Amino acid sequence: MSVDRATVARVLDQIASHLELKGDNPFKVRAFRMGARTVVGLAGEPGQWLEEGTLDQISGIGAGIQAVVRDLVLAGRSTALDELREQVPPGLVEMLRISGLGVAKVRQIHERLQIESIPDLEAAARDGRLAALPGFGPKTADNVLKSVARLRQATSFRLMHHAADEAHQLAAGFERLVGVTRAIPAGDVRRGLELVGDLVMVLVAERPAEDVLRDIAKLPGVDEFGGHDERRATVRFAGGESVQVIVTPPPNLGVVLLQATGSAAHLQDLAETAAAAGYTLSGAALWKGSEFVPTPDETTVYRILGLEPVPPELREGRGEIDAARTRLPALIVRDDLQGLIHCHTSYSDGSSSVRDLARICGEAGYRYVGVTDHSGTAAYVGGLTEDDIRAQWRDIDDTNAAGAGARVLKGIEADILADGWLGFSDPLLDGFDFVIASVHNRFEMNRDQMTERILRVMDHPAVTILGHLTGRLLLSRDPYQLDTDRVFAKAAQTGVAIEINADPQRLDLDWRLVRVAKEAGVTISIGADAHSAAGLDNVNYGVTMARKGWLTAADVLNARPVEDFLAFARRRRQA
DNA sequence: GCCGTTTTCGGCCCGACTGTTTTCAGTCG
């Protein structure tokens with residue numbers, strides 16, 4: 001098993017956390033944290049970096065971090081981390097993931113209460129010992145309990161990009177089994193859900209299912225093999241991954257893949273449609289009375305039932321079967337996007353230069369790329385001052401004049417301040433081609449205040465797009481309180497677009513609301529929120545969310561040609 | 001640990017908010 005970027009990043013982060021708890025030099029801690037962020041954004045894989053010596057040229061990666069990468073690639077483990085694990089109780093490192101607890105508090109908990117695990121911490125939060133510590137109080141104890149509950153949930157669900165990576169790796173492994181012609185990730189992954197519970201895999205086999213399952217049970221790394229019947233089993237690997245495997249012969253693939261993909265609500269509607277047409281949809285086959293109906297693919301099943309084939313993303317039991325009786329929307333695809341917008345560069349917290357971004361986007365087939373670094377109020381991510389902005393504009397003009405790659409648009413991701421205004425003067429704002437306005441602080445406002453804050457910023461004619469509207473971070477932070485209906489109504493009326501932020505930790509606007517927004521007449525933009533070259537691919541997750549929200553290319557701002565995109569932004573300023 | 005047309009040593013890291021306080025430490029983005 002080769003080591004991937006995510007693993008390297010995780011190990012570097014772990015090293016940083018251990019050092020932090022030990023009370024080591026904070027700048028050293030920071031160096032490892034920055035290193036973790038940097039490697040995620042690098043192209044290629046760790047093994048390659050070593051062979052080609054790529055890391056020597058990367059700023060922020062020096063001898064220490066290179067040693068960790070080398071350890072991981074050559075030995076699969078880091079001696080530096082192994083040593084640190086001897087020195088710091090593992091429970092304390094876990095506690096750092098609890099929001100509201102930092103190093104100082106965790107150390108105090110450890111020293112004063114001798115607590116080394118999360119269950120012990122929970123007990124102390126319940127019985128009042130935690131609140132009694134100096135600097136702690138009832139609210140802190142309450143927050144700890146809430147955050148621990150969320151962490152628990154986070155271990156039973158995974159973010160879609162992690163689940164999809166895992167599913168595709170497993171599929172590649174299963175396809176090497178004798179007699180297996182295809183392994184297809186199904187379930188939540190195939191429907192493109194933002195959070196994935198269980199992995200489901202359909203194997204197409206030209207051998208009896210029992211034989212294939214027997215081989216799977218004997219695979220190296222299989223820890224548990226249970227819940228199985230003649231065609232299904234739940235397999236747990238030593239690494240902790242678990243997957244439900246369903247084996248089918250080719251003639252039944254259509255029905256089996258449908259059933260394995262779900263959702264329950266979609267299958268319920270489908271079963272009723274089948275019954276009305278005189279068919280029975282069982283777990284593994286389609287029947288007309290007692291006659292077996294072959295279904296080599298899903299399209300066959302839908303067609304037999306008089307329906308248009310329903311793309312997996314739409315199968316949520318939200319009216320798609322009714323729509324499929326006549327006509328389903330032509331859902332947007334990645335190639336419909338003409339522009340890649342919401343990209344950070346090395347001017348703020350991104351890792352690519354303007355010129356690199358233009359080149360990479362050009363190579364990926366985009367006609368334009370919207371650079372949107374953070375505004376100056378976001379100091380922690382190197383937000384741009386007015387001088388920085390003017391320097392970046394010159395850089396963009398030079399890049400466009402050189403004409404290599406996608407056309408670069410001048411944008412900014414401006415903080416929406418607590419009072420609903422942007423932290424820039426109007427003349428400066430006028431210099432941008434477009435403006436994304438986002439909330440980055442004061443999440444705790446009540447619903448009325450937050451709604452007013454956002455409605456107010458929409459009155460500013462420079463605002464083109466509202467970024468990550470609800471502020472959620474999947475599995476770690478709830479959306480803030482907001483009256484989205486009022487925001488949608490105003491967006492439709494004022495011609496402000498609303499973003500689907502494609503960062504797999506955000507995927508905000510939620511796809512369920514995307515459809516509501518569309519019906520309210522809102523234009524949607526798909527923002528990559530990319531901080532590196534690798535992050536540009538995030539946009540695929542955004543497209544998946546757009547599809548789940550029933551969007552066509554016509555609904556999406558950056559599926560339009562550059563002139564139309566710019567006109568959309570300009571129209572508001574001229575009104 | 002990383003970096004360097006000021007230094008191979010000595011800097012690097014800002015501001016707002018929260019919950020705890022009675023003037024501020026700790027956390028977070």
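Protein chains get the first letters and strands the later ones, always in sequence-line order, with residue 1 at the start of each. Values in this document were obtained by computation on a predicted structure and should not be read as measured data.
- With both ends at atom C1', the span from B/dT8 to B/dC2 equals 12 Å, rounded to whole Å.
- When only modelled atom types and interatomic distance are considered, A/Q66 and A/D56 share a side-chain donor-acceptor pair under 3.5 Å.
- Distances were taken from every side-chain heavy atom of A/A104 (C-beta onward) to each of B/dC13, B/dT20, B/dT27; the shortest belongs to B/dT27.
- As rounded to whole Å, 16 Å separates atom P of B/dC17 from atom NZ of A/K139.
- Here the C1' atom of nucleotide B/dT18 and the CD atom of A/E444 are 9 Å apart, to the nearest Å.
- Closest to the A/K105 side chain, of the nucleotides B/dG19, B/dG26, B/dG1, is B/dG26.
- Each of A/A141 and A/A63 was matched to the nucleotide of DNA chain B holding its nearest heavy atom; the match closer to the 5' end belongs to A/A63.
- In the set B/dT20, B/dC2, B/dC28, the nucleotide with an atom closest to the side chain of A/S99 is B/dC28.
- Here, B/dC13 and B/dC28 have their C1' atoms 13 Å apart, quoted to the whole Å.
- Using a 4.0 Å cut-off, no side-chain N or O of A/R442 falls inside it from OP1 or OP2 of B/dA16.
- Atom CG in A/L473 sits roughly 19 Å away from atom P in B/dT27 (whole-Å rounding).
- A/D415 places its CG atom 11 Å from the P atom of B/dC17, with the value rounded to the nearest Å.
- Atoms CG (A/D56) and C1' (B/dC2) sit 14 Å apart, rounded to a whole Å.
- Checking B/dC2, B/dT20, B/dC28 against every side-chain atom of A/P138, the shortest atom distance belongs to B/dT20.
- Computed from coordinates, the A/R33 CZ to B/dC13 P distance equals 17 Å when rounded to whole Å.
- Atom P of nucleotide B/dC14 and atom CG of A/N441 are separated by 18 Å, given to the nearest angstrom.
- Here the closest heavy-atom approach between residue A/A569 and residue A/F434 is recorded as CB-CB, 4.1 Å.
- For the residue pair A/E499 / A/S525, no side-chain donor-acceptor distance below 3.5 Å is found, with atom types taken as modelled.
- Listed nucleotides: B/dC13, B/dG19, B/dG1. Nearest to the side chain of A/N143: B/dG19.
- Between A/V189 and A/M160, every side-chain heavy-atom pair lies at or beyond the 4.5 Å cut-off.
- In this structure, A/H440 has its ring center under 6.0 Å from that of A/H468.
- Across all strands shown, B/dT8 forms no Watson-Crick or G-U wobble pair with both distances under 3.5 Å.
- Distance from the side chain of A/F32 is smallest to B/dG1 among B/dG19, B/dG1, B/dG29.
- As judged by a 4.0 angstrom heavy-atom cut-off over every strand, A/V29 is placed among residues making no nucleic acid contact.
- Comparing B/dT20 with B/dG15, their P atoms sit 26 Å apart, to the nearest whole Å.
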Restricting both atoms to N or O, compile the protein contacts to nucleotides 3-8 of chain B shorter than 3.5 Å, with distance only.
from  : atom 1 : to    : atom 2 : distance (Å)
B/dC3 : OP1    : A/G60 : N      : 2.3

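- Across B/dT7 and B/dG11, the matching P atoms stand 14 Å from one another, rounded to whole Å.
- At a threshold of 4.0 angstrom between heavy atoms, the contacts of A/P26 include nucleobase atoms, whether or not backbone atoms are also involved.
- In the set B/dC12, B/dC13, B/dC2, the nucleotide with an atom closest to the side chain of A/N25 is B/dC12.
- For B/dC28, the OP1/OP2 oxygens have no side-chain nitrogen or oxygen of A/R477 closer than 4.0 Å.
- Using a 4.0 Å heavy-atom cutoff across all strands shown, A/I65 reaches sugar-phosphate atoms only and no base atom.
- The minimum heavy-atom distance between A/A358 and A/A404, with the atom names listed, is CB-O, 4.0 Å.
- A/Y480 and A/F443 have parallel rings, their planes meeting at less than 30° on a 0 to 90° scale where 60° marks the start of perpendicular.
- The shortest side-chain heavy-atom distance between A/R442 and A/M450 does not fall under the 4.5 Å cut-off.
- Side chains of A/D373 and A/Q392: a donor-acceptor N/O pair is present below 3.5 angstrom, by distance only.
- Between B/dT6 and B/dC12, the two P atoms lie 16 Å apart (nearest whole Å).
- Remark: the separation of the P atoms in B/dG10 and B/dC17 is 38 Å, to the nearest Å.
- Taking atom CD1 of residue A/I416 and atom P of nucleotide B/dG29, one finds them 17 Å apart after rounding to whole Å.
- Side-chain atoms of A/F443 lie closest to B/dG29 of the nucleotides B/dG29, B/dG1, B/dT20.
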